[in-house]
Amino acid sequence: MRRRLPRQTPAALQRGMSLIEIIIVIVLIGLVLTVVGSRILGGSDRAKTNLAKSQLTTLAGKIEQFEMDTGRKPASLSELVTNAGATGWLGPYAKDAELKDPWNNAIQYKVPGESGRPYDLVSLGADGQPGGDSVNADVRHE
């Protein structure tokens, strides 16, 4: 003997999401993607700024090593890569790529530095221009 299933009404067979519910879900997904996307892109900017700080610290160590070997500070950062006739030069101390910041701008080097510092090392930030704020702000070695 076969068992009969209860009969369903046509309204019960057509259950699903209404157009309004679908639109609400799409809007919510869009909002979530917007928030997540902005956090990921903002994280990239922070990472590049932190990388620039670390890079300047490493480069400062290479300048100090150059000074210990030659008895003077390099006149330009290019002296860390190739010998410009410095007595006692034991380099290369750096590679050409290390003389550019994470935004591919040349790192600024000035001897003597401002405010009585022996030298200044500065990354000009994402815009490559002095000053700025946020990701465009200068990153200085202290």
Side-chain angles (χ1 to χ4, degrees), residues 3-142:
R3 208 168 188 214
R4 284 191 129 189
L5 296 172
R7 254 185 131 204
Q8 294 183 344
T9 62
L13 293 174
Q14 294 181 359
R15 285 190 189 168
M17 296 178 70
S18 71
L19 182 60
I20 297 295
E21 291 170 326
I22 292 172
I23 290 173
I24 290 171
V25 168
I26 290 173
V27 167
L28 289 174
I29 290 172
L31 288 173
V32 168
L33 290 176
T34 301
V35 169
V36 169
S38 68
R39 295 220 183 243
I40 289 172
L41 294 176
S44 172
D45 292 339
R46 281 190 299 276
K48 283 187 176 182
T49 300
N50 288 336
L51 180 59
K53 289 177 186 176
S54 175
Q55 194 174 1
L56 292 178
T57 300
T58 301
L59 201 52
K62 293 177 181 193
I63 290 170
E64 298 303 321
Q65 185 64 49
F66 178 95
E67 183 179 23
M68 287 185 347
D69 292 347
T70 64
R72 66 174 180 84
K73 299 231 184 298
S76 70
L77 291 179
S78 63
E79 284 190 68
L80 297 175
V81 179
T82 57
N83 187 357
T87 305
W89 193 85
L90 298 174
Y93 300 91
K95 297 176 184 173
D96 279 326
E98 295 172 313
L99 305 182
K100 293 191 175 206
D101 64 16
W103 298 279
N104 207 30
N105 299 318
I107 292 175
Q108 306 297 305
Y109 173 70
K110 182 179 175 187
V111 175
E114 297 174 1
S115 304
R117 289 187 293 249
Y119 61 89
D120 287 332
L121 273 177
V122 180
S123 166
L124 297 178
D127 64 354
Q129 302 296 321
D133 56 1
S134 185
V135 71
N136 295 326
D138 295 351
V139 179
R140 296 184 177 278
H141 173 70
E142 299 296 328

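Counting begins at 1 with the first residue of the sequence.
- For the salt bridge (charged side-chain N to carboxylate O under 4.0 Å, His left out) test, residues two or more places apart in sequence or in another chain that qualify with R72 are E79.
- One finds the CD1 atom of I107 at 11.5 Å from the NE2 atom of H141 (value rounded to the nearest 0.5 Å).
- Contact detail for P74 and I63: the closest heavy-atom pair is CD-CG2, 3.9 Å.
- For F66 against L80, the heavy-atom pair with the smallest separation is CB-CD2, 3.7 Å.
- Sorted by first then second residue, the salt bridge (charged side-chain N to carboxylate O under 4.0 Å, His left out) pairs that include residues 114-123, not counting sequence neighbours, are K110-E114, R117-D120, R117-E142.
- More than 12 heavy-atom neighbours from other residues, nucleotides or ligands sit within 6.0 angstrom of NZ on K73.
- Side chains of E64 and Y93: a donor-acceptor N/O pair is absent below 3.5 angstrom, by distance only.
- Among residues at least two apart or in separate chains, salt bridge (charged side-chain N to carboxylate O under 4.0 Å, His left out) pairs with a member in residues 97-107 are K62-E98.
- When every heavy atom of L121 is checked against every heavy atom of A60, the shortest pair comes out as CD1-N, 3.7 Å.
- For the atom pair CG (L51) and CG (L56), the distance works out to 9.5 Å, reported to the nearest 0.5 Å.
- A heavy-atom distance below 4.5 Å is not found between the side chains of E21 and I24.
- Within the 3.5 Å criterion, the main-chain N or O of N50 finds no donor-acceptor partner in the side chain of S54.
- Across all non-hydrogen atoms, the minimal contact from S123 to W103 is OG-CZ3, 3.7 Å.
- Nearest heavy atoms, T82 versus W89: C-CZ2, 3.6 Å.
- Summarising the geometry, atom CD belonging to Q55 is positioned 12.0 Å from atom NZ belonging to K48; distances are rounded to the nearest 0.5 Å.
- Summarising the geometry, atom CG belonging to D127 is positioned 8.0 Å from atom CG belonging to N105; distances are rounded to the nearest 0.5 Å.
- Using a distance-only test at 3.5 Å, with no hydrogens or angles considered, a donor-acceptor pair links the side chain of N83 to the main chain of A86.
- When all heavy atoms are compared, the tightest approach of G88 to T70 is C-CG2, 4.1 Å.
- For the atom pair CD1 (I23) and CG (L19), the distance works out to 4.0 Å, reported to the nearest 0.5 Å.
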